Structure formats: C-alpha cells, structure tokens
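Here is how names work: the chains are called A, B, and so on, in the same order as the sequence lines, proteins then strands, and each is numbered from 1. Being a predicted model, the structure only gives us computed values, none of them experimental.
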2 protein chains.
Amino acid sequence: MTGTAPAPFTADDYRARMARAAREAAEAGLAGLLVAPGPDLVWLTGYAPTAATERLTLLVLAAGRDPVLVVPTLEAPDAAKAAGAPALSLRDWTDGKDPYAVAAALLDAGGRFGISDNAWAMHLLSLQKALPGASYASLTQVLPMLRAVKDAAELELMAAAGAAADRAFEEIRRVPFAGRRETEVGADLADLLRRFGHSQVDFTIVASGPNGANPHHEVGDRVIEHGDMVVLDFGGLKDGYGSDTSRTVHVGEPTEEERRVHDLVREAQEAGFRAVRPGVACQEIDRAARAVIADAGYGPYFIHRTGHGIGVTTHEPPYMIEGEEQPLVPGMCFSVEPGVYLPGRFGVRIEDIVTVTEGGGRRLNYTTRELVIVD
Amino acid sequence: MTGTAPAPFTADDYRARMARAAREAAEAGLAGLLVAPGPDLVWLTGYAPTAATERLTLLVLAAGRDPVLVVPTLEAPDAAKAAGAPALSLRDWTDGKDPYAVAAALLDAGGRFGISDNAWAMHLLSLQKALPGASYASLTQVLPMLRAVKDAAELELMAAAGAAADRAFEEIRRVPFAGRRETEVGADLADLLRRFGHSQVDFTIVASGPNGANPHHEVGDRVIEHGDMVVLDFGGLKDGYGSDTSRTVHVGEPTEEERRVHDLVREAQEAGFRAVRPGVACQEIDRAARAVIADAGYGPYFIHRTGHGIGVTTHEPPYMIEGEEQPLVPGMCFSVEPGVYLPGRFGVRIEDIVTVTEGGGRRLNYTTRELVIVD
C-alpha cells in the first residue's frame with residue numbers, strides 16, 4: 001500500500017480538491033467518482049485506513065452534492081479524525097448490514113462512474129450487482145491527470161523528498177560495497193531514507209554485476225565483488241510525497257566498455273530531460289532518450305519505458321512511453337530513467353525526478369550523474 | 001499488502017494447491033480462477049511481486065489445463081524464482097502491449113470466473129471489456145473456504161506465529177506503561193514481534209483509557225496514565241502465516257467495575273471457544289460469546305463480530321458473525337475476540353486464535369486471560 005503517509009494540508013485544501021475532482025468528473029460525462037482507500041483517497045481527503053480490509057470504505061463524489069464517505073462503523077472514529085473530514089459527511093455501516101446498498105442509495109442508478117484503479121474487484125462486482133444499470137471505468141482511464149499536476153505546496157514536498165533521497169545516495173556511496181551482500185546495502189539504503197525523513201520505503205534496488213541486467217531485480221544474496229557495476233534505485237514517501245532516484249556505481253575502476261555504456265545512459269537521460277517543456281507529448285520524452293541509445297546500437301537493451309509520474313505514490317500517470325500523447329503541463333512530476341541491460345553481464349540506469357515548469361524541466365535530484373567509484 | 005512473506009513450501013505443494021483450486025472451481029461451475037497478486041497468489045504459487053503496480057500480473061487456473069501466470073516481462077525473472085514457478089508456465093507481456101488480450105486468449109469467452117477479491121478494479125474492468133461474454137464473481141463469494149482449512153505444515157506455522165505473539169505479550173507486560181505515549185508502547189510491540197520472528201507487523205493497537213472504547217483505534221499521542229485500562233491487539237506474519245492476539249491490561253489496581261467487565265469478556269471468550277467443534281456453524285461461535293455479554297446487560301456495547309479467519313493474511317474467511325452458516329471443519333483457524341466498549345470510558349477485548357480439531361477447539365495463544373496489572 002502506498003500513499004498512506006500524512007501530508008500537511010487543511011480541510012480547505014481537501015475541500016478544493018474534492019470540488020475540482022467532482023467538476024472534472026462531470027466535464028468528462030461521469031455521474032461521479034467512487035474512491036477507494038489508497039492514493040486517491042489520501043489525496044482527496046487525507047484519510048488512510050490503518051489496514052486495508054474486506055470492509056467497504058468508499059468516497060462518493062458527484063457534482064452538485066456534498067462528498068460522502070461510506071465507512072464501516074468501527075472505522076468511523078478514525079475517519080472522522082482525517083484532515084479532510086470536515087469537508088465531507090460520513091455514512092457508516094455496521095457489520096452484518098449491506099454496505100453496497102448504502103453506497104447505491106447515493107448514486108444515479110443509470111450513471112457512469114469513475115472508480116479508483118486499485119478498488120477491490122470484490123467491491124466493484126457488488127456495486128455492479130447493486131446497480132445493474134450503472135457503468136464503471138477506471139479512474140486513471142477517465143481522469144488520468146487528476147493528481148498529475150502538483151500545486152506549489154505539493155512541489156515543495158516533492159523537492160524535499162528528492163533532496164532526502166539525494167542525501168541517502170551521498171551517504172551510501174561512502175560505505176564499502178565489495179564483500180557485502182546486496183541485501184545489506186539495501187538495508188543501509190532503507191535506514192538512510194528513514195533517517196532523512198521517509199516514513200515509508202517503497203523499494204531499495206541493489207543490483208550488482210549480472211543482477212543489474214534485470215531492471216526489476218530488487219536485492220539478493222549475491223556478494224558484491226570488486227569490478228561490479230551496481231545499479232541503485234530507491235525511494236519511498238516523505239511527508240506523503242514520493243522520491244525515486246537511480247544511480248549506477250562501480251566497485252573500483254570500470255572497464256572502457258562499462259564507462260562507455262554509462263556515458264551513453266547519461267546522455268540519454270540528459271536528452272530526455274532536455275525534451276521536457278509544456279505542451280510536448282509524454283512519448284516525446286521517451287523518444288528523445290531512446291534515440292540516443294538506439295543510435296549507439298544499444299536499442300534492444302533498453303527494455304522499459306523512460307519514466308512514470310510520481311506524487312502521493314511512487315508510480316502513477318503520466319507515463320513516458322511510446323503512444324502516450326498526453327501533453328506535459330507545468331506542475332507534473334515524473335521520472336526520466338533510461339537504462340541499458342546486457343544479459344548476464346551488467347546494467348546501467350540513471351534516474352532523476354523532473355518537474356515541468358513554464359521554461360522547461362527542473363530536476364528534483366541533484367547528485368552527480370557521472371559514474372561514481374565506490375570501494 | 002499482506003501475505004507477502006515467504007513460507008517453506010515446495011513446487012509440489014504449490015502444484016497440489018493449484019490443482020485443488022482448479023478442481024474446486026470446476027465443481028462450483030466456474031470456467032476458472034483469476035488470481036491477482038496478494039494472499040491468494042502467495043498461497044497458490046509462493047510468488048509475491050516486490051511492489052503492487054498498475055501492470056497486470058494474473059494467474060489463470062482452469063480444470064484440465066496447466067496453470068499460466070501472465071506477468072510483465074520486467075517481472076518475469078522474479079516470478080521465475082518463486083517456489084511454485086516450476087508448477088506453472090509464465091506468459092510475459094512487454095510495456096506497450098495489451099496484457100488483457102494475453103489473458104483473454106487463455107479464457108473461455110463465455111465462462112464464469114472467480115477473481116481474487118483484491119484484484120484491482122482497473123484490471124477487472126479491462127477483462128470485462130476484453131471478454132464481454134464472460135462473467136465474474138469474487139473468489140471469496142464462490143470459494144470462500146479455499147484457503148480456510150490448513151494442512152499440518154500450515155498449522156505448525158500458525159502455532160509458531162501465535163507463540164511468537166505470546167512472547168511479545170510476555171515482554172510488553174513488563175515494560176512501564178504509565179507516562180508513556182501509546183505510540184511508544186506500540187513501537188515496542190512492533191519491535192518485539194520482529195524480534196520473535198515476524199517479517200511483517202500488520203497492527204499494534206494500544207488503546208488506553210477512553211481510546212479503548214473505539215475497537216479500531218490503533219495508537220495515538222495519548223499519554224497512558226495510572227488507572228487506565230489498555231487494550232493491546234497486535235499481530236502480523238511470521239514465516240508467511242499470521243498471528244493476532246488481544247489482551248487488556250490495567251495500569252495499577254482496577255476498580256471493581258473494570259474487573260467485572262474484564263471478567264465478563266473473559267467468560268464470553270471462553271464461551272465462544274467452548275462452542276468450537278466440527279460441524280457447528282460459524283454464527284454459533286458469535287452467538288455463544290454474545291449471549292454471555294448480552295445476559296449481563298452489556299449487549300449494546302459489543303459492537304463487532306466475534307472473529308475472523310486467519311492464515312496467509314490476518315483477516316480472511318470464515319467470519320464468526322450472525323448469518324454465517326458455514327460449518328466449522330478441522331484445520332480452520334480463526335480469532336475468538338469478544339469485547340465491551342464503554343464510550344468515553346474504557347474498553348476490554350480478549351482474543352485468541354483457535355483452530356478446529358476433531359475433538360473441539362485448540363488455542364494457539366497461551367498467555368493468561370486474567371487481568372494483568374502493569375506499571
């Protein structure tokens with residue numbers, strides 16, 4: 001579960017967000033939004049149940065009516081303490097009652113609703129049964145940019161999360177790598193993220209030598225050796241907003257080829273970053289980074305999209321991927337993270353979070369993108 | 001996310017579980033099961049993706065065909081390392097391709113499927129679009145008892161998790177309570193659960209004085225005072241299986257009323273436990289515990305069901321609740337946890353995990369259910 005950390009917003013902030021969401025839903029032809037626990041609910045209300053359970057919690061937003069949070073009676077006192085609670089009314093239901101009937105009574109029986117991507121299938125199926133004339137679409141599909149554009153207060157929190165991740169990198173590059181397991185370095189990274197203010201660590205990838213060629217390798221028992229390239233990719237939530245940065249380091253002096261591949265990925269990252277400006281389609285960021293790698297003959301070894309949005313979660317729209325025509329808007333935040341993965345040998349990835357400004361991109365990570373040599 | 005801890009099972013164990021699940025699905029008139037990351041997938045395959053993302057991962061089980069795991073290409077190497085991987089085939093899909101078409105090609109276009117309760121609504125909506133002639137039902141609704149009956153190896157792990165939680169209670173009762181915040185005692189409890197082998201802490205409720213009257217209060221900033229009742233309710237996963245136990249302690253000597261209410265809840269817990277035997281309906285456990293509290297005039301203050309199943313998650317079917325006619329079967333594990341909650345004053349809850357044997361119930365928690373006095 002991500003997006004569960006508290007952020008310093010007021011009931012008025014949440015009221016404004018809920019009103020905007022309801023308005024955008026109406027403009028998109030929807031009868032309303034059905035928001036489940038998780039990042040959407042945190043962003044709209046500040047409420048995160050202490051545990052995700054099978055009991056229905058659902059925020060109902062519709063233009064022209066006040067927001068209602070359907071909540072289990074047991075959890076109502078917690079919900080009432082959320083920062084956004086003064087901006088909504090609670091409708092509680094007790095064990096043994098039918099919560100879907102409670103929700104259905106709030107909905108237009110023939111309407112079309114956007115529902116949180118991560119709402120449980122169990123709840124959606126019961127809503128479909130309770131209101132057979134209604135239809136549903138994934139919130140990300142109908143309002144993909146709802147959380148994408150960050151306001152000034154959010155951007156400050158994003159920058160602070162990025163700075164904390166940078167501090168973690170400045171510390172980790174000074175620890176010994178050779179002779180230690182990936183799991184140990186990963187645990188150090190997690191400790192550092194927490195020390196610098198993260199309340200939640202989402203991932204600490206330490207992918208050494210051949211493990212680096214698997215872009216989703218997390219950490220393993222492999223003992224890091226002198227001569228290894230090591231991909232570090234780590235992040236989480238600080239004050240409710242995400243960090244995510246990657247640097248690739250080398251244990252001792254690199255070979256000429258290792259240096260060349262690292263330089264190539266750095267150039268690709270720079271090209272992706274330089275392509276950022278308002279109005280440019282997301283896919284152009286991917287194309288700009290990919291062209292550098294393809295031109296050097298490494299195209300088949302760049303096997304993932306160039307980036308993903310970030311905010312109250314560490315992965316969200318917009319995605320920097322071929323086919324994504326969404327234009328960039330000032331305030332959007334996303335990763336630019338090209339990589340090259342040579343099976344059985346090593347991998348390189350370099351990643352900064354970038355935000356869109358009127359004048360172009362601004363990085364939220366500032367550690368060196370040169371190849372760092374570690375012990 | 002729960003159910004993400006590894007458990008010591010082999011590919012053959014997982015093969016047998018998948019075969020049983022496919023068979024039970026067919027017997028229930030289903031064309032197959034669609035299993036999302038989370039407890040069902042862990043239980044069936046031992047595979048837990050490192051992070052829940054928007055990318056589709058889905059196990060397709062159908063009688064008469066081998067299990068197939070649809071997985072993002074990036075995550076395929078991790079999936080291939082799961083203990084159950086030798087018992088299934090991987091079907092990977094790459095960013096930019098349509099994963100729902102990949103899944104749909106494996107499915108009977110007019111069939112009815114059981115889908116994991118916690119599968120994302122986004123994925124279900126896309127499957128409904130890809131196969132408009134198919135229908136879907138929540139896995140818990142169609143096969144509620146799939147994971148409920150534990151085999152001998154699972155029961156050993158359940159007992160070990162319970163014993164570890166008991167050790168945490170034996171330590172926590174010796175720390176000072178008065179003058180410390182609930183959050184501090186909660187952090188101690190989490191540390192103790194980890195020290196005694198838990199890989200994941202799901203909850204550490206410390207509800208002191210009036211906070212105890214909210215059964216879902218987790219921890220707060222309240223400073224615990226001399227004279228407080230304090231509800232402790234904590235658990236998580238150890239070697240992949242869950243613990244969950246509650247004890248209510250008192251800081252210094254209790255009043256006569258506090259002692260009386262505690263005795264009442266203890267009697268109710270005992271009555272619920274004694275009602276456990278094969279063939280008895282789940283609701284009878286709830287009735288047995290509730291009758292004791294109602295007879296003493298405290299019925300309106302017992303505001304939740306008496307218990308819930310536990311296994312690779314800390315909350316799952318069967319539920320000990322009025323209306324649940326499922327008969328108990330040897331190997332089922334669930335909580336028996338009546339409580340009394342006096343608004344603005346205090347609460348009491350006592351909870352053991354109980355497993356069903358041929359001869360009746362067997363507790364998996366053994367700390368005293370007498371009122372413990374703490375400092």
(request) Please flag which part of A:Ser126 lies under 4.5 Å from any non-hydrogen atom of chain B: side chain, backbone, both or neither. (result) neither

(request) Go through B:His315, B:Arg55, B:Lys81 and name the one with the most non-hydrogen pairs under 4.5 angstrom from chain A. (result) B:Arg55

(message) I'd like to know which of A:Thr140, A:Thr73, A:Leu124, A:Ile115 tops the heavy-atom pair count under 4.5 Å against chain B.
(response) A:Leu124

(message) Under a 4.5 Å cutoff for heavy-atom pairs, which residue among B:Tyr341, B:Trp120, B:Phe203 has the most contacts with chain A?
(response) B:Trp120

(message) So, using ring-ring contact (aromatic ring centres under 6.0 Å, His included) as the criterion, who are the partners of B:Tyr100 when residues are at least two apart?
(response) B:His123

(message) If I take atom CG from residue B:Leu139 and atom CG from residue A:Leu125, how far apart are they, to the nearest 0.5 angstrom?
(response) 11.0 Å

(message) Under a 4.5 Å cutoff for heavy-atom pairs, which residue among A:Ala121, A:Ser138, A:Pro215 has the most contacts with chain B?
(response) A:Ala121

(request) Count the heavy-atom pairs under 4.5 Å between each of A:Met122, A:Glu324, A:Glu218 and chain B, then report the option with the highest count. (result) A:Met122

(request) Measure distances from B:Tyr319 to the heavy atoms of chain A and classify the residue's part below 4.5 Å as side chain, backbone, both or neither. (result) side chain

(request) Identify the two heavy atoms, one from A:Asn214 and one from B:Pro77, that lie closest to each other, and give their separation to 0.1 Å. (result) ND2-CB, 3.5 Å

(request) Name the region of A:Ile321, side chain, backbone, both or neither, that has any atom closer than 4.5 Å to a heavy atom of chain B. (result) side chain

(request) Pick whichever of B:Gly323, B:Ala76, B:Ala119 has the most heavy-atom pairs under 4.5 Å with chain A. (result) B:Ala119

(request) Name the region of A:Glu54, side chain, backbone, both or neither, that has any atom closer than 4.5 Å to a heavy atom of chain B. (result) side chain

(request) Walk me through it: do B:Gln128 and A:Tyr136 pass the test side chain to side chain contact (heavy atoms under 4.5 Å, CB included)? (result) CA-CA 11 Å; B:Gln128 288 175 330; A:Tyr136 305 85; over 6 Å; no

(request) May I ask you to list the residues in residues 302-311 of chain A that approach chain B closer than 4.5 angstrom, counting heavy atoms only, ordered by number? (result) A:Ile303, A:His304, A:Arg305

